[in-house]
Amino acid sequence: MLTIQSLREDKEQIAAALDKRNIDVRQDLDQILLWDAERRSTQAKLDDLLAQSNALSREIGTFMREGKREEAEAVKVKTASFKEETVTLKDKMHGIEQQMHDVLCAIPNAPHSDVVAGRNAEDNVEVFRSGSAETLDRHTKPHWELAEEMDLIDFELGAKVTGAGFPFYKGKGAKLQRGLIQFFLQKADEAGYTEYIPPLMINAESGFGTGQLPDKEGQMYHMQNDELYMIPTGEVPLTNIYRDEMVKEGDLPIKLCGYTPCFRREAGSYGKDVRGLNRLHQFDKVEIVQLSRPNDSYALLDQMVDHIKELLEGLELPYRILRLCGGDMGFTAAMTYDFEVWSAAQERWLEVSSVSNFETYQASRLKCRYKGAEGKMHLVHTLNGSALALPRIVAALLENHQDENGIQMPKALAPFCGFDRIEA
RNA sequence: GGAGAGGUGGCCGAGUGGCUUAAGGCGCACGCUUGGAAAGCGUGUUUACCUGAAAGGGUAACCCGGGUUCGAAUCCCGGUCUCUCCA
């Protein structure tokens, strides 16, 4: 969340940045600052009261040790009024803090100055394009047809065993899946990311730390008997490794990666856009995460973008990179680049990666800090990106690399799959 | 699932309800010492918030949350995690 300190310093600048998300938070910010002032004066009163009452208690202790019971009893009488007032002030503090927290949690991150204002995906800015996004000059089949013909993916079986959006991968389809994961992890390893295999369920604290809770409660599968949530992305367990931790400045940037299945309820999704692999309840993803010093984070964001470019080039897929506009960015991000690959048969762009810098927004919830050389504590910046999400990559591979009687695997990928062609 | 033991600072480890933010040790930092190092000696070594220009002062925190008490690391209740044994 936004830090109270940044609001004190830069209220209008933050409000102006949030205008780009088409929300006006000025009233909220003013209210927060009023509460902040009230909180401070209440704290001062409370501390003073506690100091006095501590002094009395010490007096009582001294008398008791010296066996002066009567004197001790006399002082005890004096403490009664303090007690009542401290309880009142403590309640007041808690009330104020709770209100501030609730309002603060409901405010999304302030976009970076390079982020443009905009209403939705149409206002996103294309910053890079590779390959041509054209229909192949012959008939192309959509991936769901290819997958069925070549017996790679069974959607109906998944629907039977679990439900829609939970496909089975089969034979070369399964091997392709595994090959892609291995390819992505290998590249992440070469780029210096430490691999983790994290838990696939998280508790509420972790959900709050990265910002899924309370904002997106309905998007996660919730195990109510155990108060656990299925992860919607590897970002959650990976980033939460550093919740409530102080890291050494010299260890930054910290680079982690991990392969995980991801689970999303996708409530309300239906229709053409969700056909085949386009939108699933369970899908595989390799995630890369970084923790950095504030001054380095945008350079690292660029590095992550380059890393993902390399992956897509290895897969020989046409793609483009968009810098999201304010209205299309996720709640917690300060800047986001989306990667989209061209689907030759569906003739549309499919999002396969989203790379973001959260600046201190997650870190303030996570309480992840480092001590600077000058001895002061600072929140780290957190970043993450998909590198990459599998299903739409599979869709694009099938569609873009199909020929008369099969699908040709990109050279870079073939060794990881164990075959270079798929044929019916 | 059942029974028991336990969670103290970066680590180890003490702690009859008051003089304990916490002994002692290790580690770490700085200084002295030394030809250099080690040893030795000395000093320092958590975080959050409030206050202050700063130095400093105040408050809170001994797994988490409640409670008892003038006063809780210490007593009580609930939760959680770890270990041992049983199923």
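Side chains are part of it too, since the values below use all heavy atoms of this structure and drop only hydrogens, waters and symmetry mates. Naming: A, B, ... by sequence-line order, numbering from 1 per chain.
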Backbone of A:Gln346 reached by a side-chain donor or acceptor of A:Ser343 within 3.5 Å |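 Checking the backbone N and O of A:Gln346 against the side chain of A:Ser343, a donor-acceptor pair under 3.5 Å is found.
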Out of [options], which has the shortest distance to the side chain of [X]?
| X | options | answer |
| --- | --- | --- |
| A:Asp47 | B:A60, B:U47, B:G58 | B:G58 |
| A:Arg369 | B:G71, B:U47, B:C50 | B:U47 |
| A:Met246 | B:U47, B:G58, B:A60 | B:U47 |
| A:Arg8 | B:A60, B:C50, B:G18 | B:C50 |
| A:Ser57 | B:C50, B:G18, B:A60 | B:G18 |
| A:Arg39 | B:U59, B:C49, B:U51 | B:C49 |

Gap in Å between the two [atom1] atoms, one belonging to [N] and one to [M], rounded:
| N | M | atom1 | answer |
| --- | --- | --- | --- |
| B:U8 | B:A23 | C1' | 12 Å |
| B:U21 | B:U74 | C1' | 15 Å |
| B:G31 | B:A37 | P | 12 Å |
| B:G66 | B:G9 | C1' | 25 Å |

Indicate yes or no: does [X] engage [Y] in a salt bridge with an N to O separation below 4.0 Å.
| X | Y | result |
| --- | --- | --- |
| A:Arg26 | A:Asp19 | yes |
| A:Glu249 | A:Arg293 | yes |
| A:Arg40 | A:Asp36 | yes |

Counting heavy atoms not belonging to A:Lys172, are there more than 12 under 6.0 Å from its NZ?
->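 Check passes, neighbour count above 12.
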For [X], report the nucleic acid contact type (base, sugar-phosphate, nothing); a contact means any heavy atom under 4.0 Å.
| X | result |
| --- | --- |
| A:Lys371 | sugar-phosphate |
| A:Leu56 | nothing |
| A:Asn54 | sugar-phosphate |
| A:Thr79 | sugar-phosphate |

Please give, in whole Å, the distance from [N] [atom2] to [X] [atom1]?
| X | N | atom1 | atom2 | value |
| --- | --- | --- | --- | --- |
| A:Leu89 | B:C49 | CG | C1' | 15 Å |
| A:Asp244 | B:U46 | CG | P | 19 Å |
| A:Arg58 | B:A72 | CZ | C1' | 15 Å |
| A:Leu46 | B:U51 | CG | C1' | 14 Å |
| A:Asp36 | B:C50 | CG | C1' | 11 Å |
| A:Lys376 | B:A54 | NZ | C1' | 13 Å |
| A:Ile60 | B:A72 | CD1 | C1' | 15 Å |
| A:Asp91 | B:G66 | CG | P | 11 Å |

Does a side-chain N or O from A:Lys83 land closer than 4.0 Å to OP1 or OP2 of B:G71, or not?
->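 For B:G71, OP1/OP2 do have a side-chain N/O of A:Lys83 under 4.0 Å.
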A:Gln43 vs A:Ser53, nearer the 5' end of RNA chain B by closest nucleotide =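 Nearest-nucleotide comparison on RNA chain B picks A:Gln43.
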Please tell me which of A:Met93 and A:Asp48 maps to the more 5' nucleotide of RNA chain B, matching each residue to the nucleotide holding its nearest heavy atom.
->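 With A:Met93 and A:Asp48 compared, the 5'-side residue is A:Met93.
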Test of ring centre spacing under 6.0 Å for A:Phe358 and A:His112 =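 When the ring centroids of A:Phe358 and A:His112 are compared, they turn out to be at least 6.0 Å apart.
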